[in-house]
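Read through the structure below, which is laid out as C-alpha coordinates, and then see the notes.
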There are 2 protein chains.
Amino acid sequence: MFNEVDKSYPIELVADFLGINSRTLYYYEKFHLVCPLRRGRKRYYSKEDINWLEYVRELMYEQGMNLRSIIILIKRRDAVILDRCPEDVVLCYKNYLARKENGNKTME
Amino acid sequence: MFNEVDKSYPIELVADFLGINSRTLYYYEKFHLVCPLRRGRKRYYSKEDINWLEYVRELMYEQGMNLRSIIILIKRRDAVILDRCPEDVVLCYKNYLARKENGNKTME
DNA sequence: AATATAATTTACATTTAAGTGAAAAATATT
DNA sequence: AATATTTTTCACTTAAATGTAAATTATATT
(Lines give C-alpha, C1' and ligand atoms only; values in the text may rest on other atoms or scores of the structure.)
Protein backbone atom coordinates (compact mmCIF):
# COMPACT_ATOMS: atom_id res chain seq x y z
CA MET A 1 0.00 0.00 0.00
CA PHE A 2 2.42 2.69 1.23
CA ASN A 3 6.14 2.76 0.61
CA GLU A 4 8.80 3.52 3.22
CA VAL A 5 8.99 7.25 2.66
CA ASP A 6 5.36 8.23 2.16
CA LYS A 7 4.32 10.35 5.10
CA SER A 8 0.89 9.07 5.91
CA TYR A 9 0.68 8.05 9.57
CA PRO A 10 -0.86 10.57 12.00
CA ILE A 11 0.89 11.35 15.26
CA GLU A 12 -1.41 9.44 17.61
CA LEU A 13 -1.00 6.26 15.62
CA VAL A 14 2.77 6.60 15.68
CA ALA A 15 2.81 7.36 19.41
CA ASP A 16 0.60 4.38 20.15
CA PHE A 17 2.71 2.11 17.99
CA LEU A 18 5.91 3.21 19.75
CA GLY A 19 4.23 3.10 23.14
CA ILE A 20 5.01 6.73 23.91
CA ASN A 21 3.12 9.94 24.50
CA SER A 22 2.53 12.17 21.49
CA ARG A 23 3.99 14.95 23.65
CA THR A 24 7.31 13.17 23.29
CA LEU A 25 7.06 13.33 19.51
CA TYR A 26 6.48 17.09 19.61
CA TYR A 27 9.47 17.33 21.91
CA TYR A 28 11.66 15.34 19.52
CA GLU A 29 10.56 17.57 16.69
CA LYS A 30 11.71 20.65 18.54
CA PHE A 31 15.18 19.09 18.52
CA HIS A 32 14.91 18.21 14.82
CA LEU A 33 15.10 14.51 15.52
CA VAL A 34 12.16 13.88 13.22
CA CYS A 35 10.56 15.83 10.44
CA PRO A 36 6.90 14.96 9.83
CA LEU A 37 4.97 16.28 6.86
CA ARG A 38 2.60 19.10 7.74
CA ARG A 39 -0.71 19.15 5.91
CA GLY A 40 -2.44 22.13 7.45
CA ARG A 41 -1.38 21.76 11.05
CA LYS A 42 -1.61 18.02 11.08
CA ARG A 43 1.51 15.88 11.13
CA TYR A 44 2.13 12.77 9.09
CA TYR A 45 4.98 10.31 9.54
CA SER A 46 6.47 7.71 7.17
CA LYS A 47 7.30 4.07 7.87
CA GLU A 48 10.92 5.15 7.69
CA ASP A 49 10.27 7.78 10.38
CA ILE A 50 8.75 5.12 12.59
CA ASN A 51 11.74 2.81 12.14
CA TRP A 52 14.07 5.67 12.92
CA LEU A 53 12.12 6.61 16.03
CA GLU A 54 12.24 3.00 17.17
CA TYR A 55 16.01 3.09 16.83
CA VAL A 56 16.18 6.40 18.70
CA ARG A 57 14.20 4.83 21.54
CA GLU A 58 16.60 1.90 21.61
CA LEU A 59 19.61 4.22 21.76
CA MET A 60 18.03 6.17 24.58
CA TYR A 61 16.48 3.39 26.63
CA GLU A 62 18.62 0.35 26.05
CA GLN A 63 21.91 2.15 25.58
CA GLY A 64 21.40 5.26 27.69
CA MET A 65 22.14 7.90 25.10
CA ASN A 66 20.51 11.31 25.31
CA LEU A 67 18.80 13.42 22.64
CA ARG A 68 21.68 15.83 22.14
CA SER A 69 24.18 13.06 21.55
CA ILE A 70 22.03 11.66 18.77
CA ILE A 71 21.79 15.14 17.25
CA ILE A 72 25.55 15.58 17.49
CA LEU A 73 26.09 12.30 15.68
CA ILE A 74 23.70 13.33 12.91
CA LYS A 75 25.57 16.61 12.56
CA ARG A 76 28.86 14.77 12.56
CA ARG A 77 27.50 12.42 9.88
CA ASP A 78 28.26 9.38 12.02
CA ALA A 79 28.05 6.29 9.82
CA VAL A 80 26.10 4.13 12.29
CA ILE A 81 23.48 6.81 12.90
CA LEU A 82 23.22 7.98 9.32
CA ASP A 83 22.59 4.41 8.29
CA ARG A 84 19.29 4.51 10.18
CA CYS A 85 18.36 8.17 10.00
CA PRO A 86 15.95 9.27 7.24
CA GLU A 87 17.50 11.49 4.59
CA ASP A 88 14.96 14.27 5.17
CA VAL A 89 15.81 14.48 8.87
CA VAL A 90 19.44 15.13 7.94
CA LEU A 91 18.38 17.71 5.35
CA CYS A 92 15.96 19.46 7.69
CA TYR A 93 18.65 19.68 10.29
CA LYS A 94 21.11 21.08 7.80
CA ASN A 95 18.59 23.72 6.72
CA TYR A 96 17.89 24.59 10.30
CA LEU A 97 21.59 25.11 10.95
CA ALA A 98 21.98 27.20 7.80
CA ARG A 99 19.09 29.44 8.78
CA LYS A 100 20.54 29.84 12.24
CA GLU A 101 23.99 30.66 10.83
CA ASN A 102 22.51 33.38 8.64
CA GLY A 103 21.73 35.34 11.74
CA ASN A 104 18.07 34.44 12.03
CA LYS A 105 17.61 35.30 15.67
CA THR A 106 13.84 34.86 15.63
CA MET A 107 14.06 31.08 15.64
CA GLU A 108 14.84 28.66 18.44
CA MET B 1 59.96 16.40 33.11
CA PHE B 2 57.01 14.01 32.63
CA ASN B 3 55.80 12.67 29.30
CA GLU B 4 52.17 12.46 28.19
CA VAL B 5 51.43 9.00 29.49
CA ASP B 6 53.26 8.95 32.83
CA LYS B 7 50.65 8.74 35.54
CA SER B 8 51.94 11.14 38.15
CA TYR B 9 49.27 13.71 39.01
CA PRO B 10 47.21 13.11 42.17
CA ILE B 11 43.46 13.45 42.05
CA GLU B 12 43.15 16.78 43.86
CA LEU B 13 45.56 18.46 41.48
CA VAL B 14 43.64 17.14 38.47
CA ALA B 15 40.30 18.19 39.93
CA ASP B 16 41.60 21.67 40.71
CA PHE B 17 43.07 22.02 37.25
CA LEU B 18 39.80 21.00 35.59
CA GLY B 19 37.78 23.09 38.00
CA ILE B 20 35.69 20.14 39.13
CA ASN B 21 35.10 18.22 42.33
CA SER B 22 37.35 15.22 42.94
CA ARG B 23 34.16 13.36 43.69
CA THR B 24 33.28 13.77 40.02
CA LEU B 25 36.50 12.00 39.03
CA TYR B 26 35.58 9.03 41.20
CA TYR B 27 32.19 9.09 39.53
CA TYR B 28 33.72 9.04 36.03
CA GLU B 29 35.95 6.18 37.06
CA LYS B 30 32.94 4.09 38.00
CA PHE B 31 31.82 4.45 34.39
CA HIS B 32 35.29 3.55 33.09
CA LEU B 33 35.73 6.98 31.53
CA VAL B 34 39.19 7.26 33.00
CA CYS B 35 41.68 4.78 34.35
CA PRO B 36 44.15 6.26 36.86
CA LEU B 37 47.14 4.33 38.13
CA ARG B 38 46.65 2.97 41.64
CA ARG B 39 49.66 2.98 43.89
CA GLY B 40 48.28 1.58 47.11
CA ARG B 41 44.85 3.16 47.10
CA LYS B 42 46.06 6.46 45.77
CA ARG B 43 45.28 7.52 42.22
CA TYR B 44 47.61 9.09 39.70
CA TYR B 45 46.64 10.61 36.35
CA SER B 46 48.70 11.33 33.23
CA LYS B 47 48.80 14.51 31.14
CA GLU B 48 46.95 12.52 28.50
CA ASP B 49 44.24 11.67 31.04
CA ILE B 50 43.87 15.35 31.82
CA ASN B 51 43.54 16.29 28.14
CA TRP B 52 40.98 13.56 27.68
CA LEU B 53 38.98 14.69 30.69
CA GLU B 54 39.03 18.24 29.37
CA TYR B 55 37.57 16.95 26.10
CA VAL B 56 34.95 14.93 27.96
CA ARG B 57 33.90 18.09 29.81
CA GLU B 58 33.63 19.94 26.52
CA LEU B 59 31.48 17.20 25.01
CA MET B 60 29.21 17.23 28.02
CA TYR B 61 28.99 20.93 28.75
CA GLU B 62 29.47 22.68 25.44
CA GLN B 63 27.85 20.05 23.26
CA GLY B 64 25.34 18.48 25.65
CA MET B 65 26.41 14.86 25.43
CA ASN B 66 25.91 12.56 28.38
CA LEU B 67 28.31 10.10 30.01
CA ARG B 68 26.76 6.99 28.51
CA SER B 69 26.98 8.31 24.98
CA ILE B 70 30.68 8.86 25.36
CA ILE B 71 31.06 5.32 26.67
CA ILE B 72 29.03 3.98 23.77
CA LEU B 73 31.28 5.78 21.31
CA ILE B 74 34.38 4.34 22.96
CA LYS B 75 32.88 0.88 22.71
CA ARG B 76 31.94 1.52 19.12
CA ARG B 77 35.48 2.70 18.40
CA ASP B 78 34.20 6.00 17.05
CA ALA B 79 37.06 7.71 15.20
CA VAL B 80 36.50 11.19 16.64
CA ILE B 81 36.39 9.93 20.21
CA LEU B 82 39.20 7.42 19.87
CA ASP B 83 41.37 10.17 18.53
CA ARG B 84 41.24 11.84 21.92
CA CYS B 85 40.75 8.92 24.25
CA PRO B 86 43.82 7.40 25.94
CA GLU B 87 44.67 3.90 24.80
CA ASP B 88 44.53 2.53 28.34
CA VAL B 89 40.97 3.76 28.84
CA VAL B 90 39.91 1.77 25.78
CA LEU B 91 41.79 -1.28 27.03
CA CYS B 92 40.42 -1.03 30.56
CA TYR B 93 36.93 -0.79 29.18
CA LYS B 94 37.48 -3.79 26.97
CA ASN B 95 38.76 -5.79 29.94
CA TYR B 96 35.82 -4.70 32.00
CA LEU B 97 33.42 -5.89 29.30
CA ALA B 98 35.28 -9.20 28.95
CA ARG B 99 35.12 -9.83 32.70
CA LYS B 100 31.42 -9.02 32.69
CA GLU B 101 30.77 -11.31 29.73
CA ASN B 102 32.47 -14.19 31.53
CA GLY B 103 29.65 -14.22 34.00
CA ASN B 104 31.34 -12.29 36.76
CA LYS B 105 28.24 -11.25 38.65
CA THR B 106 30.14 -9.79 41.60
CA MET B 107 31.14 -6.65 39.71
CA GLU B 108 29.15 -3.56 38.83
C1' DA C 1 -21.72 31.66 11.61
C1' DA C 2 -21.97 28.88 15.75
C1' DT C 3 -20.78 24.60 17.66
C1' DA C 4 -18.33 20.34 18.00
C1' DT C 5 -14.26 17.80 17.37
C1' DA C 6 -9.54 17.03 17.06
C1' DA C 7 -4.71 18.50 17.05
C1' DT C 8 -1.50 21.37 19.07
C1' DT C 9 0.63 24.11 22.49
C1' DT C 10 1.56 25.43 27.12
C1' DA C 11 2.16 24.73 31.93
C1' DC C 12 3.09 21.90 35.59
C1' DA C 13 4.50 17.43 37.82
C1' DT C 14 7.38 13.34 37.96
C1' DT C 15 11.46 10.57 37.21
C1' DT C 16 16.22 9.70 36.60
C1' DA C 17 21.21 10.91 35.47
C1' DA C 18 24.93 13.83 36.92
C1' DG C 19 27.17 16.09 40.29
C1' DT C 20 28.24 17.44 45.03
C1' DG C 21 28.72 17.79 50.26
C1' DA C 22 29.50 15.68 54.51
C1' DA C 23 30.35 11.89 57.41
C1' DA C 24 32.60 7.46 57.94
C1' DA C 25 36.23 4.31 56.91
C1' DA C 26 40.77 3.21 55.45
C1' DT C 27 45.45 4.29 54.99
C1' DA C 28 49.58 6.89 55.48
C1' DT C 29 52.58 10.06 58.15
C1' DT C 30 54.67 12.15 62.01
C1' DA D 1 49.08 6.29 68.93
C1' DA D 2 47.53 10.72 67.11
C1' DT D 3 46.90 13.35 63.08
C1' DA D 4 46.36 14.09 58.33
C1' DT D 5 44.99 12.50 53.81
C1' DT D 6 42.45 9.82 50.58
C1' DT D 7 38.65 7.03 49.53
C1' DT D 8 34.01 5.41 50.10
C1' DT D 9 29.18 5.76 51.27
C1' DC D 10 24.89 8.12 51.84
C1' DA D 11 21.96 11.58 50.93
C1' DC D 12 20.74 15.62 48.67
C1' DT D 13 20.36 18.99 44.50
C1' DT D 14 19.68 20.17 39.78
C1' DA D 15 18.35 19.68 35.07
C1' DA D 16 16.76 16.79 31.03
C1' DA D 17 13.14 13.81 29.42
C1' DT D 18 8.59 12.89 29.40
C1' DG D 19 3.92 12.24 31.30
C1' DT D 20 -0.65 14.62 32.50
C1' DA D 21 -3.94 17.93 31.99
C1' DA D 22 -5.65 22.33 30.71
C1' DA D 23 -5.81 26.00 27.30
C1' DT D 24 -5.62 27.29 22.58
C1' DT D 25 -6.25 26.98 17.79
C1' DA D 26 -7.87 24.92 13.55
C1' DT D 27 -11.13 22.25 10.94
C1' DA D 28 -15.42 20.06 10.08
C1' DT D 29 -20.41 19.94 10.67
C1' DT D 30 -24.86 21.45 11.33
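All heavy atoms count here, side chains included; hydrogens, waters and symmetry mates do not. Order of the sequence lines fixes the chain letters, A, B, ..., with proteins taken first and strands second; residue numbering starts at 1 for each chain.
For D:dG19, the OP1/OP2 oxygens have a side-chain nitrogen or oxygen of A:Thr24 closer than 4.0 Å. For B:Tyr26, no side-chain nitrogen or oxygen approaches OP1 or OP2 of D:dT9 to under 4.0 Å. Applying the 4.0 Å criterion to OP1 and OP2 of D:dT8, one finds that B:Arg43 has a side-chain N or O inside that range.
Classification of B:Asp6 and B:Lys47 as a salt-bridged pair fails, no side-chain N sitting under 4.0 Å from a carboxylate O. Classification of B:Arg43 and B:Asp49 as a salt-bridged pair fails, no side-chain N sitting under 4.0 Å from a carboxylate O.
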For nucleotides 21-25 of chain C, print each protein N/O atom paired with a nucleotide N/O atom at under 3.5 Å, atom names and distance only.
from, atom 1, to, atom 2, distance (Å)
C:dG21, OP2, B:Asn21, ND2, 2.5
C:dG21, O6, B:Arg23, NE, 3.1

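In this structure, A:Asp16 places its CG atom 14 Å from C1' of D:dG19, rounding to the nearest Å. Atom-to-atom, CD1 of A:Ile11 to C1' of D:dT18 comes out at 14 Å; the value is rounded to the nearest Å. B:Lys30 has its NZ atom 10 Å from the P atom of D:dT8, to the nearest Å. Atom pair A:Glu12:CD and C:dT5:P shows a separation of 17 Å (rounding to whole Å applied). A straight line from NZ of B:Lys42 to C1' of C:dT27 spans 10 Å, rounded to a whole angstrom. A:Arg38 has its CZ atom 11 Å from the C1' atom of D:dA26, to the nearest Å. Following rounding to the nearest Å, A:Glu29 (CD) and C:dA7 (P) show an atom-to-atom distance of 15 Å. Remark: C1' of D:dG19 and CG of A:Leu18 are 16 Å apart, rounded to the nearest angstrom.
Every residue meeting the salt bridge (Lys or Arg N to Asp or Glu O under 4.0 Å) condition with A:Arg38, not counting sequence neighbours, appears here in chain and number order: A:Glu29. Remark: A:Arg84 pairs with no residue by the salt bridge (Lys or Arg N to Asp or Glu O under 4.0 Å) rule, at least two apart or across chains.
A heavy atom lying under 4.0 Å from DNA chain C marks the following residues of residues 53-71 of chain B, by number: B:Arg57, B:Met60, B:Tyr61, B:Asn66, B:Leu67, B:Arg68.
Here the side chains of B:Ile74 and B:Leu33 are in contact, with some heavy-atom distance below 4.5 Å.
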Please tabulate, for side-chain N and O atoms in residues 13-25 of chain B, each donor-acceptor pair with protein atoms closer than 3.5 Å (sequence neighbours left out).
from, atom 1, to, atom 2, distance (Å)
B:Asn21, OD1, B:Arg23, N, 2.9
B:Ser22, OG, B:Glu12, OE2, 3.1
B:Thr24, OG1, B:Asn21, O, 3.4

Considering only distance and modelled atom types, tabulate donor-acceptor pairs under 3.5 Å from the side chains of residues 53-64 of chain A, sequence neighbours left out.
from, atom 1, to, atom 2, distance (Å)
A:Arg57, NH1, A:Tyr28, OH, 2.6

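Listed nucleotides D:dT18, C:dA17, C:dT8 differ in distance to B:Tyr27; the shortest reach to its side chain belongs to C:dA17.
At least one cation-pi condition fails for B:Arg68 and B:Phe31: the charged atom is not both under 6.0 angstrom from the six-membered ring centre and inside a 45 degree cone around its axis.
Between B:Tyr96 and B:Tyr93, the angle of the ring planes lies from 30° to 60°, which puts this pair in the tilted group.
Residue contacts for A:Arg39: at a heavy-atom cut-off of 4.0 Å it reaches no nucleic acid atom on any strand shown.
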